[in-house]
Number of protein chains: 2
Amino acid sequence: MLNGFAKLFREKGYEGTSLAELAEATGLKKASLYHRFPKGKEEMAKAVLLNVNNWVEEHVFNTLTNELLTPEERLKNGLQYIKKLYDNGNTPCLLQAFSMQSGINIFNQLINDSMSYWVDAFTNIGLAFDLSQSVAKEKATQVLIDIQGSLIVSRGCNNPNIFIDTLNKIEDIYTKK
Amino acid sequence: MLNGFAKLFREKGYEGTSLAELAEATGLKKASLYHRFPKGKEEMAKAVLLNVNNWVEEHVFNTLTNELLTPEERLKNGLQYIKKLYDNGNTPCLLQAFSMQSGINIFNQLINDSMSYWVDAFTNIGLAFDLSQSVAKEKATQVLIDIQGSLIVSRGCNNPNIFIDTLNKIEDIYTKK
DNA sequence: ATATATTTACCGAACGTTCGGTTATTAACA
DNA sequence: TGTTAATAACCGAACGTTCGGTAAATATAT
């Protein structure tokens, strides 16, 4: 159910997704959604965002910090999950979709937290590669930029390879040099 | 007038911007907009996109290819215009705002062309730095990714410095190493 | 120069549609 | 039977758009 919502929100944004569409995606009727989400559309969007965050924590973050693996393995596996998250570059980022809308909006805090979370995750892997805290954070920020930017440029240029190539390059950022 | 539209579209997206807001931004009434833009909202959005493209061509592209300047000067000045275009990282990118909406939308072709245009512009400066065509294009794509990504991450982290730092780093990509 | 015709710019009001959200009723199930 | 889930019907408000008509500006003709 939340996955169906996510697909809509990612591709159409918050304002661009109507309750009619959200209802159709679930098979339920519009009114029935208010039984599950009494606070309406905003609650649905937040639920989706939290759900994605949980997936990211479970898969990406837990992988990047899994001390049973070597740093190289953590990074490689973590990036695989990211590739999956964005469907090889064919799926827009939910954070983008929600941050681009309505000027100062309701999701700002959640988005801010989520981004910090991503930075933390990659700072962690940087530390595993024996980088200093400051360098690790610098690289982590660049990884975020690369992911977000390549998603946009991939889509804008109709070329998912740009996203794939970027993920490969991220691996090099840590392992080579 | 188009600048007022641009501000709205950039911050609220296409669907998120209403005709009432567009009218208010001009001082005209809603109905009057249809005198200037008979095809309505879509025509307004396209006019804004073309207007921005013209600005970019006039300032960014012309600077990057100005043979009266050294490659270093072209790059430095071009980046200055980009900094201005995005108001030091405080203004979202119109291409992002339009590409993120409505699934497969009406602007896809225009967005695709605009992105190619940016890649061309930076491929050009790469060639001025004596890079091969393929390496120049590779670097140009990365510049696009850096700009688009840093705009998103800057905003997401409430830290415009991320955008500024990225522009500085782009200069290094060409001038150092 | 003056009066007339034509075009341009603008606006109030209303259009049909869709928006997010609510209420009253029915169906399902314990 | 009593509680929960789902729905049909409906709401006011806002959406993008259209239209009839007015005022201002421009062109034409005398």
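Residue numbers start from 1 in every chain, and the chains themselves are labelled A, B, ... in the order their sequence lines are given, proteins ahead of strands.
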Summary of protein contacts for nucleotides 24-30 of chain C, nucleotide by nucleotide, where a base hit scores B, a sugar-phosphate-only hit scores S (4.0 Å, heavy atoms): -------
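- More than 12 heavy atoms of other residues, nucleotides or ligands sit less than 6.0 Å from atom CZ of A:F37.
- Residues A:E72 and A:F129 have side chains in contact (heavy-atom distance under 4.5 Å, counting atoms from C-beta outward).
- The shortest side-chain heavy-atom distance between A:L131 and A:T123 does not fall under the 4.5 Å cut-off.
- Against DNA chain D, the stretch residues 36-50 of chain B makes heavy-atom approaches under 4.0 Å through B:G40, B:K41.
- For A:K30 and C:dG21, the NZ to C1' distance is 8 Å, given to the nearest whole Å.
- Boundaries of the chain A contact region on DNA chain D are D:dA5 to D:dA8, first to last in 5' to 3' order (nucleotide atom under 4.0 Å from a heavy atom).
- A donor and an acceptor atom, one from each side chain of B:E57 and B:N53, are nowhere located under 3.5 Å apart.
- A cation-pi arrangement is absent between B:K139 and B:F122, since the terminal nitrogen or guanidinium carbon is not both under 6.0 Å from the aromatic centre and inside a 45° cone about the axis.
- Among the atoms of the strands shown, base atoms are found under 4.0 Å from some heavy atom of B:L19.
- Within the 4.0 angstrom heavy-atom criterion, only backbone atoms of the sugar-phosphate kind lie near A:T17; the bases stay farther away.
- Annotation: side chain of B:N88 is not in contact with side chain of B:P160 (no heavy-atom distance under 4.5 Å).
- Evaluated for a side chain to side chain contact (heavy atoms under 4.5 Å, CB included) with A:L33, the options A:M1, A:E43, A:K41 yield exactly one hit, A:M1.
- Position along DNA chain C of the nearest nucleotide to A:S18 versus A:A31 favours A:S18 as the more 5'-ward residue.
- Proximity of B:L151 to B:T166: side-chain heavy atoms (C-beta onward) are nowhere separated by under 4.5 Å.
- Residue B:S32 places at least one side-chain N or O under 4.0 Å from the OP1 or OP2 atom of C:dC11.
- At least one side-chain nitrogen or oxygen of B:H35 sits closer than 4.0 Å to the OP1 or OP2 atom of C:dA9.
- In this structure, the side chains of B:R10 and B:Y86 stay at 4.5 Å or more apart for every pair of heavy atoms.
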CA sep, side-chain torsions, deciding dist, call: A:Q96, B:Q96, side-chain hydrogen bond (donor to acceptor under 3.5 Å, both in side chains): CA-CA 9 Å; A:Q96 278 185 41; B:Q96 275 184 43; over 6 Å; no
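- Side-chain contact between B:K46 and B:K39 is absent, with no heavy atoms from C-beta onward closer than 4.5 Å.
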